[in-house]
Amino acid sequence: MKIFPLVSNLNLPIAICKDTGRPSWGLPFGRARRRSALSPSSRLPPAPRRTQVKAGAAEVAEDTQRTAFLLRKQWTLYSVTPLYRFSEAHLRDYSRLLSAFVAAEKKKGLAVEIGGELDIKVSVTSLPDLKGSDRDQAAILVQLSSRSSASPKNSEEKVIWSGWFCCVAGDELSENLPEAFTCLPLFLVNGAESNTAIVGTWFQKTFDCCFRRLSLSPFNLSWMAAMWTGCKVDKPASATELVFSVPRLPHPLHISYAINLEDAQALWATIQKTPGEITQEEVDVFMDCLYSHFYRHFKIHLSATKLVKVSTAVASAHCDGIIKFRQSQYLTGVLMLLTELAICQIQ
Amino acid sequence: MEQSQSSKTSKRPLQFRDTNQTDMSAWRKKGRTDPENSVLDHQPPNDQKDDNEQDSLEEAFRYFEEVQDRVSLKNSILQKHLTAVESVALQRGLPPEGFNVLLDVALSGKFGDAVNTRILRSLIPASVVPEDSVVSSVSWLCVSKCSGNVQLLFLKWLITVFDFIDHKEQLNALYGFFFSFLQEEKMCPFVCHLLYLLTRKENVKPFRVRRLLDLQAKMGTQPYLQALLSLYKLFCPELVTITLPRKMKAYFRDPEGPWKAAINTVRQRNQENTQVARPLFLGTAQPQSQKRKWNTQISIPASSTNKINFEEDREKKCIDLHSTNESFPVEQLQTFSQLLQNIHRLEFPSQMGSVLTNPLLLHYMNCFKDESVNLRLYYWMEQTLQQECTWCVVDNSQYEEEFKNFLETVYETECFLQEGFSSCEEFLYKSLPLWDGFCCRSQILRFVSWIPLRSSSEIKSHLYNPLAQLFFTSSLYFKCSVLESLKELLQNWLNCQVTRLDSESDSEVHSSNTTLSGLVNTIAELIHFVGWISTVALRLESNHTFLLHFILDFYETVCDMYLRYDLPLLIMPPPRVFYAVLLGMDSVNLNQLCYIMHRYRTNLVTAKENELSKKKILQFKFSNQTYQEYNKYLTAMVGCLWTSNVFQKDIHPQGIAMDDELLKKTEVPDFKNSFNIVCHPALMSYAFFYLQQAFPDNTTVDFSLIKGKEWNRYLEYLYLQGLDGLKVFIESSVKRISQASHSKSGNV
């Protein structure tokens with residue numbers, strides 16, 4: 001079942017704030033309230049209040065180029081416990097060893113030589129642009145690319161799997177760690193699960209870390225819906241879409257709720273009290289408004305269903321822990337939130 | 001050296017990766033650590049069918065061991081034994097001790113090919129294949145008593161179960177024999193495969209390379225020969241100079257044979273656990289996994305050295321190859337003396353989780369306190385516990401047995417280290433609110449007993465509240481198990497407190513961030529919690545004897561805290577508990593209460609003496625309330641057991657003091673004497689048997705006969721019946737009752 005309510009019916013009481021014309025580089029959310037390693041608050045849901053952090057325009061423009069390949073791809077999220085004895089100085093060695101490991105896993109039982117010519121090339125590189133502050137560890141990109149077997153020498157390499165570790169504003173985890181640990185709590189994967197398994201196993205064995213799927217609760221998804229709605233995007237963007245699933249039915253039933261971007265932004269503008277800061281209360285009000293609008297038209301209480309997917313101009317997120325980035329200017333912002341959730345899961 | 005290192009790291013993990021055998025390594029290891037590793041032993045003993053099967057299997061082994069003459073396949077006895085072996089093999093696999101017998105029979109040519117084939121086909125290992133049996137079968141192979149087909153079948157079998165052979169040293173020593181089989185054209189592909197699995201660097205010799213090249217010239221470029229040659233080239237590039245194709249689809253054909261599928265089935269069946277009804281989905285945000293993901297199998301990693309050979313390090317390594325401070329690989333650590341000798345050059349394994357199954361490493365961990373070691377273990381354990389928790393994560397319920405075993409292992413580690421893990425504490429706090437009180441019950445309650453002692457307010461909301469909810473709504477036995485684990489928790493805390501005091505007196509510098517008063521408060525909070533749930537539980541279960549027993553067990557630890565653990569804290573049991581036992585029907589509990597009261601007395605008297613003598617300035621002293629409460633209990637108890645005036649003298653507000661007028665209204669004759677050691681309902685049966693013994697001629701039972709000297713004799717009789725608690729109580733508190741209560745009320 002798909003329901004598209006008539007969005008023009010949204011009667012908004014307050015005029016839409018005029019855009020200044022200049023693109024806003026403000027990150028949609030900032031660092032959460034500090035949580036110490038084993039304190040009881042580490043079991044609390046994400047902080048009730050987030051602040052917006054501004055980044056320099058030039059810096060972001062540079063980022064945009066180098067991280068463009070991360071956009072418009074589906075990334076599966078994992079949380080990773082701190083890596084033990086990981087060193088950025090050894091990335092080349094890691095590539096070499098991981099290549100041999102991948103080849104060994106693929107060949108199953110046959111001997112493999114480290115550093116030899118292999119069908120699948122592994123590169124482990126650093127993505128220095130992807131971090132929130134200087135205290136963050138630079139992101140690490142792992143790529144598996146295959147050579148076509150027809151002409152092994154000159155043919156183009158094709159990336160068949162990529163995964164990257166990153167940490168954006170993860171101070172609350174990293175500052176309490178001994179030096180031997182590297183804090184890269186978020187791992188994003190695009191590619192076959194069999195390859196994820198091989199690479200993940202190697203990292204687990206080599207750096208004594210644990211991977212765990214990072215799922216997104218309806219609570220966090222509603223935060224994302226509110227936060228990302230408030231973000232200005234330069235290009236004409238698609239509607240904000242929320243997907244709900246109705247529980248306890250013999251057949252799965254999904255309700256898709258699309259809201260015109262301007263309408264959603266206008267609604268949010270009436271709710272948000274302090275620009276640059278978002279509170280739990282505001283998120284609740286935002287969602288309640290959308291729910292009551294929907295109820296007025298369809299007599300369905302969305303609050304009784306489960307929010308499974310949020311899709312906005314900034315990014316889209318699915319409760320199974322799958323994310324797609326759409327705007328490079330908000331990449332670090334989204335990553336900051338995901339880093340926070342990943343840290344929450346490993347603490 | 002350089003070469004061998006690189007090839008070692010590259011090759012070793014690969015062999016184990018062969019097809020289905022990969023995931024069996026853990027299973028195999030388990031079998032190895034357990035000396036009685038036959039799966040037969042793991043079967044439930046009550047299963048009559050299994051017993052019968054085991055008997056017939058043993059009979060079959062005996063038959064095959066003793067059989068001398070060639071017997072025809074049609075022979076019914078042979079048929080019976082063959083069927084017995086086959087059915088057990090297919091169902092549960094064969095125990096290690098069976099392989100020697102069966103391989104001997106199959107390869108010695110005693111029987112015809114049909115029988116030999118059937119025997120070989122049924123060789124499905126339940127755990128491991130002993131190396132000896134393989135070695136002796138190779139010697140049978142060399143004397144060629146059996147036909148070519150059987151030899152071929154044996155080789156295929158050997159390739160399939162290669163990873164199940166428990167050791168491979170002796171087998172490798174037979175490398176030359178295997179190599180000589182290469183000349184048999186039919187066997188050549190399989191021999192090549194076997195050699196491929198067996199080859200080590202020292203096996204690569206020029207004459208062998210020459211022989212392989214000759215074979216290749218004769219037979220053409222066969223993939224199996226190329227495979228072996230490429231392995232030789234990998235080990236010794238200088239010996240194999242020919243160019244080999246870089247890529248080859250498949251070097252070896254699958255040895256086929258009937259075993260692979262059977263091994264898988266046997267393994268699954270052996271690990272299969274009882275299917276539990278699916279619990280309701282709790283609306284927590286957890287991944288809804290359709291199938292198990294790659295990282296969600298509980299596997300405690302094997303200990304292996306954390307060694308990455310970096311390119312730039314290699315040259316350095318060659319230089320200080322002879323230096324003595326090279327680290328000792330954990331894989332080689334087998335004995336305690338090795339640990340002692342190498343403790344200075346031992347390194348922790350690459351995955352800390354592996355220490356759980358390695359007691360030697362636990363010893364090492366115990367004396368090597370390092371933050372990063374604990375953190376690595378903490379992260380691994382916390383993630384594994386949360387990810388595998390069968391009631392917090394949807395679809396995990398089918399893996400309950402696996403999870404149970406894991407919890408068991410973690411608990412054993414905590415006992416070994418005499419220390420709780422904070423990851424387990426966190427896990428408990430997160431999962432208890434969702435727990436049904438049933439799943440992995442004993443494991444979870446044991447976890448409770450190892451919660452570390454801290455002065456924090458967390459424990460109330462995270463442990464006591466969810467636990468109390470479960471406690472009140474669950475069965476009597478659950479209540480008893482909770483009390484039991486809380487008693488253990490208290491004992492662990494007290495032990496931890498004692499060692500903490502010791503270490504503090506040793507070094508004043510070491511100041512922990514938790515103050516003594518904070519810890520005392522935490523302990524007091526636990527005792528009050530148990531007092532509260534005991535009070536409610538007694539009401540719910542109407543003073544069940546069994547429950548009282550567990551409650552008293554707890555207070556047996558509480559009453560001795562001052563003397564045994566040097567803790568300035570004594571808390572009396574709540575009146576609901578005290579009176580339930582004092583007026584109860586059970587002599588065992590009454591006896592225990594007497595003992596507990598005696599210990600309270602000893603502790604309080606010592607405390608008072610210490611306080612009076614002022615040997616040291618006491619940071620804490622017991623409040624007068626404790627003394628007063630003790631005195632009230634004592635008065636009630638003495639009145640109830642000795643002076644027969646329990647209704648008059650009981651001054652406890654929740655006691656059983658009653659007006660004479662009221663008592664008269666009950667019309668109980670001689671109510672005064674209804675509570676003393678003779679007429680107390682818990683002791684009356686003793687009095688009855690005593691009277692029968694002392695006055696065998698009396699046909700009527702007259703309790704009033706027990707008085708004066710008879711009273712003392714009766715007392716001796718009670719002591720002889722094992723009521724030691726009563727004895728110490730009466731000897732300490734009653735004989736001198738007047739003077740004791742005098743001095744007490746004077747002090748108070």
Side-chain angles (χ1 to χ4, degrees), chain A residues 38 40 42-43 78-79 81-82 84-85 90 92-94 96-97 100-101 104-105 107-115 117 119 149 152 177-181 193-194 196-198 200-201 204-220 247 306 319-321 345-347, chain B residues 6-7 9-11 13-19 21-22 196-197 227 230-231 234-235 246-247 251-252 281 283-289 293-296 301 304 306 308-312 349-353 371-372 375-376 379-380 382-384 386-387 422 426 429-430 456-458 461-462:
Chain A
L38 293 172
S42 62
R43 280 181 292 276
Y78 288 85
S79 67
T81 60
Y84 179 66
R85 285 196 184 158
H90 293 303
R92 272 191 54 223
D93 292 301
Y94 297 154
R96 194 169 52 85
L97 293 167
F101 187 77
E105 290 290 308
K107 282 194 169 178
K108 294 230 170 180
L110 297 181
V112 171
E113 192 179 8
I114 294 181
E117 289 275 286
D119 307 335
S149 46
L177 282 177
E179 223 163 74
F181 290 93
E193 169 134 350
S194 60
T196 312
I198 296 173
T201 307
Q204 284 186 165
K205 282 189 173 160
T206 316
F207 304 111
D208 204 1
C209 55
C210 297
F211 289 74
R212 214 172 130 202
R213 273 295 287 270
L214 180 65
S215 55
L216 305 170
S217 66
F219 175 82
N220 287 322
K306 187 184 167 204
C319 64
D320 285 346
Q345 180 160 294
I346 60 177
Q347 270 190 350
Chain B
S6 77
S7 41
T9 37
S10 65
K11 187 164 174 284
L14 310 179
Q15 290 203 338
F16 292 98
R17 288 264 127 213
D18 196 348
T19 59
Q21 295 167 5
T22 314
Y196 190 93
L197 296 173
S230 72
L231 186 67
L234 194 63
F235 281 128
R246 201 177 61 84
K247 247 180 84 172
Y251 283 129
F252 302 110
F281 167 49
T284 47
Q286 289 294 346
Q288 292 167 306
S289 55
K293 300 283 180 194
W294 56 274
N295 58 340
T296 62
S304 63
N306 192 4
I308 299 180
N309 47 338
F310 298 119
E311 246 157 17
E312 63 260 43
S350 60
Q351 285 176 282
M352 270 312 284
E371 196 191 355
S372 58
L375 257 179
R376 283 161 70 193
Y379 280 125
W380 174 77
E382 204 216 10
Q383 296 295 304
T384 313
Q386 281 183 35
Q387 187 155 278
S422 52
E426 295 263 312
Y429 294 169
K430 276 182 190 163
S456 70
S457 52
E458 263 191 13
S461 55
H462 288 110

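Only a predicted model underlies this, so the values are computations on that prediction, with no experimental measurement involved. Convention: sequence-line order gives letters A, B, ...; per-chain numbering from 1. Side chains are part of it too, since the values below use all heavy atoms of this structure and drop only hydrogens, waters and symmetry mates.
Here the shortest heavy-atom pairing between B:Arg376 and A:Tyr84 reads NH1-CE2, 3.1 Å. Pairing each heavy atom of A:Cys210 with each of B:Trp380, the nearest pair is SG-CA, 3.4 Å. Considering all non-hydrogen atoms of both residues, B:Leu375 and A:Pro178 come closest at CD1-CD, 3.3 Å. Nearest heavy atoms, B:Gln351 versus A:Lys205: OE1-CG, 3.6 Å. Across B:Glu382 and A:Ile346, no two heavy atoms sit closer than the pair OE1-O, 3.1 Å.
Put simply, the side chain of A:Cys209 does not reach to within 4.5 Å of the side chain of B:Tyr379, judged on heavy atoms.
For B:Gln383, the parts sitting under 4.5 Å from any heavy atom of chain A are the backbone and the side chain alike.
Qualifying side chain to side chain contact (heavy atoms under 4.5 Å, CB included) partners for A:Gln345, counting only residues two or more places apart in sequence or in other chains: A:Ser79, A:Arg212, A:Leu214.
Listed options A:Ala180, A:Pro247, A:Pro82, A:Gly321 were ranked by heavy-atom pairs under 4.5 angstrom with chain B; first place goes to A:Pro82.
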